[in-house]
2 protein chains.
Amino acid sequence: MPRTGRPRSFDRDAAVTSATHLFWQHGYEGVSLDQLRTTMGGISSASFYAAFGSKEALYREALSVYLATYGRVTDALRDQTLPPRDRIEHALRRSAMMQTTPGHPTGCMVTLSATIGSDQTTALKGLTAAERQANREAIVLCVTAAIENGTLPANVDTVGLAAMFDGFLLGISLLARDGMTGDILNSAITNAMRAWDMLAIAPR
Amino acid sequence: MPRTGRPRSFDRDAAVTSATHLFWQHGYEGVSLDQLRTTMGGISSASFYAAFGSKEALYREALSVYLATYGRVTDALRDQTLPPRDRIEHALRRSAMMQTTPGHPTGCMVTLSATIGSDQTTALKGLTAAERQANREAIVLCVTAAIENGTLPANVDTVGLAAMFDGFLLGISLLARDGMTGDILNSAITNAMRAWDMLAIAPR
DNA sequence: CGACTTCTGGATCGAGTAGTTCAGATGTCA
DNA sequence: TGACATCTGAACTACTCGATCCAGAAGTCG
C-alpha cells in the first residue's frame, strides 16, 4: 500500500516462506524470534515487528500460506468429480508424496506444529485442530457417499472406517518425520486401501 | 540409600508420576520448572535439583517410568505365544484403550512428547525415536512370521503392510489427542485389520 | 531541492528460563 | 545427648524470551 517512504530492504514473501519452514520443522514454541530474524536475512527486531506484528501473527500467516500451498494435498477429499474411494486414496498418496519431498520439512505442519506445547498456545492449537476436524468430516462424507452410491454396503461402520483412514493419514506425518520414504508410504497406502476393498466385496 | 539425615519432605515417586503426566501432556519444552515444582507440592528449586539433578534428567526418568507402565501396551507385539495377527491387533487395541482412559493425558508419550521442538532437544527426541523404531521392527517381524507360518502369502509386501499398521498405531495418538473415544478407535482398528485379512484370504 | 513517509540498527525492557549457592532447619544414629 | 548427614527456603546468577522505543538513514513525490 505505501506509495512513498523508504522501501523494505528484505523480501517479505521469502521471509514468510522461510518462517513457514521453521514453524513446520520445529513447531510454534520451538522457534525463537532470533531464529526467525536470522533466517529472514538478519533483519532487526524493529523490522520484524513492523512487517509481521508479532510472532503469533507470523505463525498464523505462515499457517495460512501452508494451507494455501502444501496443505492443498488433501483437497482431493472434497473433489466431487472423483469416486469416494479415489478421494481418500488420492489424498493419502498426495500427502505422502508432499511430506517426503525434499526442499521443505517432512510431515504435515497441521499435524505436527501445534499439537502439543504449553497452555499458552491453546489458540494456535485450535487453528490446526480445526483443519484436522475438517479433514475428518470430509473422510466421513467419502464413506457415506460410497454407501449411498452402492460401492459400500449399507451396514458399514461409517465412523469406524473413516477413523481408520483419518488415523492413518495423521500417522503418515509421524512416519515421514521418522524418515520413512515416499515409496514405503505408498506401499502402506496400498495396504490401507485393502480395508475399503474388503468391505466393498463383502456379500450384501 | 541415605541411612541418616533429614528425610525428604515430599513423596519422590508421586512427584515423578506427576512430572510424567506433565511431560506427557505438554512435551518436554512445554513444561517449565515452575510448573513441575508446583505440581510436586510446591517444593523449592534446591529440593528439585537435589532429588532429580536437572529437568532433562527428570524427563528421562519420567519416560522410563512411562515405558515401564503405560508403555507396556505394545508388548503384545513381541508376545511369541500369540499368532502374528493377534500380536498386532492386541497392541493396537491396548494402545487405544490406554490412550483414552481417564486419569492421565490422552495419546502416547513416546509419540507426542518429544517429536518436534527446538534443536536443543535432539538427544531427547532420539530416546522416543528409538522406541518408535523398536515397535516398527517388531511389527515387521509379525508380518514376516505370518508369511513363514503360511498365514499370509509369500508375495506380501512386508515393509508396506508393516508401515500401514505402524502409521495407524502412531495416528491413534493424534486421534486420541483430538478427543476421539476409545469406542471409535476400536472400530477403526477392526477396519484396519481387514487389510491383513484381505491378504490372508487372497488366492495363492 | 525539500517535505514527507517509511524502514533500520541498536539499545533496552520486564518477564521468564534453567540452574546454583548457602545458612539454617530437621532429621538419624551411636 | 551430641555428632553427623541430608534436606529446605530464599536469594541470586546468567541468560533467553518476545516485544518496544527512538534517532537517523533511505527512500518517494510535488
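Hydrogens, waters and symmetry mates are skipped; everything else that's a heavy atom, side chains included, is used. The sequence lines fix the lettering, A, B, ..., with proteins before strands; numbering per chain opens at 1.
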Next on the checklist: Using the side-chain heavy atoms of B:P7, tell me which of these nucleotides is nearest: C:dC7, D:dG9, C:dG27.
Outcome noted: C:dG27
Item to check | B:S9 side-chain N/O to D:dC7 phosphate OP1/OP2 under 4.0 Å | outcome: no
Item to check | Nucleotide C:dT6, atom P - distance to CD1 of A:I43 in whole Å | outcome: 18 Å
Checklist outcome for this item: Among the nucleotides D:dT8, C:dT17, C:dT8, whichever has the atom closest to the side chain of B:D34 is C:dT17
Checklist entry - About how many Å separate OG1 of B:T74 and CG of B:L77, when rounded to the nearest 0.5 Å? => result 5.5 Å
Checklist entry - Side chains of A:S44 and A:S47: do they bring a donor and an acceptor to under 3.5 Å? => result yes
Checklist entry - So, does the side chain of A:R6 form a donor-acceptor pair with the base of D:dA25 at under 3.5 Å? => result yes
Item to check | Length of the NZ-P vector between B:K55 and C:dT17, whole Å | outcome: 9 Å
Item to check | Interatomic distance where CG belongs to B:L36 and C1' belongs to C:dT17 [whole Å] | outcome: 12 Å
Checklist entry - For the pair made of CZ in B:R37 and C1' in C:dT17, what is the distance, rounded to whole Å? => result 12 Å
Checklist entry - Among B:W24, B:Y59, B:F23, whose ring-ring contact (aromatic ring centres under 6.0 Å, His included) with B:Y66 holds? => result B:W24
Checklist entry - If you check every side-chain atom of B:S32, which of C:dT17, D:dT8, D:dG18 has the closest atom? => result C:dT17
Checklist entry - Does A:Y49 have a side-chain nitrogen or oxygen under 4.0 Å from the phosphate oxygens OP1 or OP2 of D:dT20? => result no
Checklist outcome for this item: Comparing A:Q35 with A:G53, nearest DNA chain D nucleotide closer to 5' gives the residue A:Q35
Checklist entry - Is A:Q133 atom CD crowded by more than 12 heavy atoms from other residues, nucleotides or ligands, each under 6.0 Å away? => result yes
Checklist outcome for this item: By nearest-heavy-atom nucleotide on DNA chain C, the more 5' of A:S45 and A:A50 is A:A50
Checklist entry - So does B:S44 get a side-chain nitrogen or oxygen closer than 4.0 Å to the phosphate oxygens (OP1/OP2) of D:dT8? => result no
Item to check | Whole-Å gap separating P (D:dT8) and CZ (B:R8) | outcome: 7 Å
Item to check | Atom-to-atom span, CG of A:L58 to P of D:dA19 - whole angstrom | outcome: 10 Å
Checklist entry - Can a cation-pi geometry be assigned to A:R72 and A:Y70, taking NZ or CZ under 6.0 Å from the six-membered ring centre and within 45° of the ring axis? => result no
Next on the checklist: Does C:dT8 have OP1 or OP2 under 4.0 Å away from a side-chain N or O of A:S47?
Outcome noted: yes
Checklist outcome for this item: Whole-Å distance, B:F10 CZ to D:dG9 P, equals 10 Å
